[in-house]
Amino acid sequence: MQQIIVKLKKNYHILALIFILLLSFGFNFYAITNNGTGNEYYAACIKSMTQSFHNFFFVSFDPSGMVSVDKPPLGLWVQAISVLIFGYHGWAMMLPQALAGTASCFMIYILTAKHFGRPAGLISSLIFALTPAVVVASRNNTMDMQLVFVLLVSAWFLFRSIDSGKWRYLFLTAVFVGLGFNIKMLQA
């Protein structure tokens with residue numbers, strides 16, 4: 001019994017982080033069906049994208065594949081793949097954002113805990129999970145949380161590059177900023 005208590009005290013941060021991540025996903029996904037299909041413009045685009053590979057590849061807004069959306073493809077591709085897996089539902093379109101919000105919460109912990117300690121990482125992760133703007137962005141079919149996630153991963157690779165002095169991490173930083181550009185253009 002004493003060993004279990006010692007292990008729990010030593011690994012409290014893992015249990016706390018799991019709780020925070022579950023809380024984050026709970027807030028991001030709770031009653032998400034009440035939002036309907038979210039932004040109707042993107043919902044129509046995703047429906048069109050699931051009807052043919054041509055529409056999927058060219059991010060076509062209309063079923064005939066003549067008009068494409070004013071956004072880069074990556075964020076909408078992720079949503080369309082989710083809809084192809086789970087069917088055309090509002091929650092299926094918003095699931096990638098809810099997951100990206102929770103993954104961003106994890107990345108906030110990783111980035112903060114490395115330089116400021118585990119308690120600071122847990123606090124920052126919890127504050128991120130409870131921030132109303134983050135929860136709202138995670139419960140919508142706009143691609144904002146996907147962008148936040150890839151930029152946090154990019155920051156993690158940047159710090160790895162600085163700490164290790166290796167160029168490959170700097171190149172991975174550029175790759176993830178490029179992915180961010182392909183989600184929401186210059187906002188990355």
Side-chain angles (χ1 to χ4, degrees), residues 13-14 16-30 32 35 37-39 42-43 45-46 49 56 59 69-86 90-116 118 120-163 168-188:
H13 63 282
I14 295 172
L17 181 61
I18 289 170
F19 172 75
I20 291 169
L21 295 177
L22 289 173
L23 182 71
S24 172
F25 185 74
F27 278 139
N28 296 345
F29 201 70
Y30 175 74
I32 203 165
N35 295 341
T37 55
N39 186 320
Y42 295 131
C45 174
I46 291 166
M49 289 171 64
F56 178 84
V59 194
V69 179
D70 64 336
K71 296 282 185 255
L74 188 58
L76 292 167
W77 282 345
V78 172
Q79 292 181 29
I81 290 170
S82 176
V83 166
L84 286 171
I85 293 170
F86 297 111
W91 66 265
M93 280 183 270
M94 296 176 211
L95 178 63
Q97 279 64 249
L99 293 173
T102 302
S104 296
C105 193
F106 180 68
M107 288 306 300
I108 292 282
Y109 170 79
I110 289 174
L111 289 167
T112 308
K114 179 172 172 81
H115 297 287
F116 300 103
R118 292 176 181 157
L122 290 171
I123 291 169
S124 63
S125 181
L126 180 63
I127 289 172
F128 184 83
L130 298 176
T131 302
V134 171
V135 174
V136 168
S138 298
R139 297 170 54 83
N140 198 343
N141 63 345
T142 59
M143 291 70 65
D144 295 321
M145 286 317 297
Q146 292 179 46
L147 175 65
V148 168
F149 174 68
V150 298
L151 292 180
L152 286 170
V153 172
S154 175
W156 182 74
F157 279 122
L158 178 65
F159 289 131
R160 291 263 334 235
S161 172
I162 293 168
D163 292 342
R168 67 176 172 224
Y169 295 120
L170 189 60
F171 291 130
L172 286 171
T173 298
V175 166
F176 276 90
V177 170
L179 291 174
F181 183 82
N182 279 302
I183 292 173
K184 285 210 72 159
M185 288 195 270
L186 288 178
Q187 289 179 359

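- Summarising the local packing, CZ of F27 is surrounded by 12 or fewer heavy atoms from other residues, nucleotides or ligands at distances under 6.0 Å.
- With rounding to the nearest 0.5 angstrom, the CZ atom of F29 is 8.0 Å from the CG atom of L99.
- Scanning both residues, L147 and G180, for their nearest heavy atoms gives CD1-O, 3.5 Å.
- Looking at S125, its side chain never comes within 3.5 Å of a backbone N or O of G121 through a donor-acceptor pair.
- For the pair F176 and V150, the tightest heavy-atom approach, listed with the atom from each and the gap, is CB-O, 3.7 Å.
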task: Test M49 against V83 for side-chain contact (heavy atoms from CB on, under 4.5 Å), laying out the working first.
output: CA-CA 10 Å; M49 289 171 64; V83 166; over 6 Å; no
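- In this structure, CD1 in I18 is found 8.0 Å from CG in L21, a value given to the nearest 0.5 Å.
- At least one donor-acceptor pair closer than 3.5 Å links the side chain of T173 to the backbone N or O of Y169.
- Note: F86 and W91 have tilted aromatic rings, judged against thresholds of 30 and 60 degrees for the angle between ring planes.
- To the nearest 0.5 Å, atom CD of residue Q79 and atom CG of residue L95 are 10.0 Å apart.
- With rounding to the nearest 0.5 Å, the separation of CG in L22 from CG in L17 is 9.5 Å.
- Taking CG from L74 and CE from M143, the interatomic distance works out to 10.0 Å, rounded to the nearest 0.5 Å.
- The backbone N or O of A129 sits nowhere less than 3.5 Å from a side-chain atom of S24 that would complete a donor-acceptor pair.
- When every heavy atom of I20 is checked against every heavy atom of L122, the shortest pair comes out as CD1-O, 3.5 Å.
- A donor-acceptor pair is defined here as one N or O able to donate and one able to accept, closer than 3.5 Å; such a pair exists between the side chain of N35 and the backbone of R139.
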message: Would L151 and K184 count as a side-chain contact (heavy atoms from CB on, under 4.5 Å) here? Give the steps.
response: CA-CA 11 Å; L151 292 180; K184 285 210 72 159; over 6 Å; no
- request: For side-chain contact (heavy atoms from CB on, under 4.5 Å), just list the numbers for V148 and M145, CA-CA rounded to whole Å, side-chain angles, deciding distance to a tenth of an Å, and then say yes or no.
  value: CA-CA 5 Å; V148 168; M145 286 317 297; 4.2 Å; yes
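- Annotation for F25: atom CZ counts as buried by contact number, over 12 foreign heavy atoms lying within 6.0 Å.
- Minimum heavy-atom separation, N28 to V135: OD1-CA, 3.9 Å.
- Note that CG of L172 is 9.0 Å distant from CH2 of W156, once rounded to the nearest 0.5 Å.
- Here the shortest heavy-atom pairing between I183 and P72 reads O-CD, 3.8 Å.
- Annotation for S82 and A92: closest pair OG-O, 2.5 Å, computed over non-hydrogen atoms.
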task: Evaluate the side-chain contact (heavy atoms from CB on, under 4.5 Å) criterion for residues F106 and T102: first the C-alpha distance (whole Å), next the side-chain angles of each, then the deciding distance (0.1 Å), finally the verdict.
output: CA-CA 6 Å; F106 180 68; T102 302; over 6 Å; no
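- Within the 3.5 Å criterion, the main-chain N or O of T142 finds no donor-acceptor partner in the side chain of Q146.
- Using a 4.5 Å cut-off on side-chain heavy atoms (C-beta onward), I123 and T112 make no contact.
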